[in-house]
Novice: 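Handing you this structure, nothing more for now.
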Amino acid sequence: MSGCVAAPILAPAAFSAGGDLVKAGTVRLGGATYRTFGLPLAEVHQATRKTLDGLGFPPPEEKTVEERVILYAQGVDRTVRIDLQPITPGMTQMRVFVRKKSFAKDLATASELVAQTELRLAPADERQAQRRVSDRRSK
């Protein structure tokens, strides 16, 4: 069939309220990109640090405020802030803010940091989901 062009498949992507194309499970709100993982804070924290390192960021400055871990990293013309907050012992929310020196928001870089962390966590996240399914079956 020459002349036919197949439409790209968008799953598992979705359009956010602002019309942005984002991966399912990732939300953009108020200049930040959010993702919740079904994993403990320690695992998400470790993966986030490895992601920053793998992308060439210098070691981030870290602060712990109550149960939340906040990482600050510097890129070329950008400041990154990543908040990791436990929701339950087995669930952690990641919130990423990226600002350019001009104070403009950089949602593309924030989204990529979330996506790269998600890739790093994918095998662990899949194992956790399988454990939950098998726990339900055994009851």
Side-chain angles (χ1 to χ4, degrees):
M1 283 191 199
S2 65
C4 282
V5 178
I9 297 174
L10 297 178
F15 286 94
S16 71
D20 298 322
L21 185 63
V22 294
K23 187 167 184 195
T26 302
V27 176
R28 292 179 175 167
L29 184 63
T33 302
Y34 292 80
R35 174 72 164 92
T36 299
F37 296 97
L39 294 166
L41 173 66
E43 288 184 47
V44 178
H45 178 232
Q46 180 181 30
T48 302
R49 288 186 60 90
K50 286 181 180 179
T51 297
L52 289 168
D53 183 56
L55 293 172
F57 285 89
E61 176 188 331
E62 287 192 30
K63 291 183 183 179
T64 302
V65 179
E66 297 173 15
E67 71 283 345
R68 183 179 310 174
V69 176
I70 304 168
L71 296 95
Y72 296 94
Q74 297 294 318
V76 176
D77 191 37
R78 284 162 179 74
T79 300
V80 176
R81 175 183 167 159
I82 302 173
D83 292 1
L84 302 174
Q85 181 175 8
I87 295 172
T88 68
M91 182 180 271
T92 304
Q93 184 178 66
M94 173 186 223
R95 180 173 57 177
V96 182
F97 299 92
V98 179
R99 295 229 182 243
K100 294 180 181 180
K101 284 188 180 177
S102 64
F103 297 106
K105 298 170 190 167
D106 184 353
L107 290 170
T109 300
S111 294
E112 185 62 15
L113 287 166
V114 170
Q116 291 297 317
T117 303
E118 184 174 355
L119 285 173
R120 190 171 296 276
L121 285 168
D125 207 19
E126 289 168 14
R127 285 192 307 272
Q128 187 78 4
Q130 289 172 352
R131 273 188 238 128
R132 286 192 298 265
V133 168
S134 91
D135 287 348
R136 283 188 212 124
R137 288 181 183 161
S138 65
K139 290 182 182 179

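FYI, side chains are in, hydrogens and waters are out, and symmetry mates aren't considered; it's all heavy atoms of this structure. What you are looking at is a predicted structure, and each value in this text was computed from that prediction instead of being measured.
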Novice: What's the separation between atom CZ in Phe97 and atom OG1 in Thr33, rounded to the nearest 0.5 Å?
Specialist: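 Spacing of CZ (Phe97) from OG1 (Thr33) equals 9.5 Å.
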Novice: Sequence neighbours excluded, which residues qualify as salt bridge (Lys or Arg N to Asp or Glu O under 4.0 Å) partners of Asp106?
Specialist: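 Only Arg78 meet the salt bridge (Lys or Arg N to Asp or Glu O under 4.0 Å) criterion with Asp106.
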Novice: Hydrophobic clusters join Ile, Leu, Val, Met, Phe, Trp and Tyr when side-chain heavy atoms are under 4.5 Å apart, directly or via other members; which others share one with Val76?
Specialist: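 Same cluster as Val76: nobody, lone residue.
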Novice: What verdict does the side-chain contact (heavy atoms from CB on, under 4.5 Å) test give for Ile70 and Ile82, after you've listed the backbone C-alpha separation in whole Å, the side-chain angles of each residue and the deciding distance to 0.1 Å?
Specialist: CA-CA 6 Å; Ile70 304 168; Ile82 302 173; over 6 Å; no
Novice: Nearest 0.5 angstrom please: Glu112 CD to Thr117 OG1, how far?
Specialist: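 With rounding to 0.5 Å, CD (Glu112) is 9.5 Å from OG1 (Thr117).
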Novice: According to side-chain contact (heavy atoms from CB on, under 4.5 Å), who are the partners of Ser102, at least two apart in sequence or on a separate chain?
Specialist: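 Partners of Ser102 under the side-chain contact (heavy atoms from CB on, under 4.5 Å) test: Lys100, Ala104.
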Novice: What residue pairs, at least two apart or across chains, pass side chain to side chain donor-acceptor pair (under 3.5 Å) with a residue in residues 54-66?
Specialist: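 Residue pairs passing side chain to side chain donor-acceptor pair (under 3.5 Å), neighbours aside: His45-Glu62, Arg49-Glu62.
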Novice: Report the distance from atom OG1 of Thr48 to atom CZ of Phe37, rounding to the nearest 0.5 Å.
Specialist: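 These two atoms lie 7.0 Å from each other.
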Novice: So how far is it from Tyr34 OH to Met94 CE, rounded to the nearest 0.5 Å?
Specialist: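 One finds 13.0 Å between OH of Tyr34 and CE of Met94.
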Novice: Answer yes or no: is there a side-chain heavy-atom contact under 4.5 Å between Val98 and Leu107?
Specialist: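 No, side chains not in contact.
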Novice: Could you give the distance from CD (Glu67) to CG (Leu84), rounded to the nearest 0.5 Å?
Specialist: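 Reported value, rounded in 0.5 Å steps: 11.5 Å.
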Novice: Among the clusters formed by ILVMFWY side chains lying less than 4.5 Å apart, do Val65 and Tyr72 turn up in the same one?
Specialist: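 Yes; tracing contacts between hydrophobic side chains, which count when under 4.5 Å, links both residues.
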Novice: Sequence neighbours excluded, which residues qualify as side-chain contact (heavy atoms from CB on, under 4.5 Å) partners of Leu55?
Specialist: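 Here the qualifying residues are Thr51, Phe57, Leu113, Gln116.
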Novice: To the closest 0.5 Å, what do you measure between CZ (Arg120) and CD (Glu43)?
Specialist: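 So the gap between those two atoms works out to 13.5 Å.
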Novice: Which residue pairs pass the side chain to side chain donor-acceptor pair (under 3.5 Å) test with at least one member in residues 88-97, sequence neighbours excluded?
Specialist: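 Side chain to side chain donor-acceptor pair (under 3.5 Å) check on residues 88-97 returns Asp83-Arg95.
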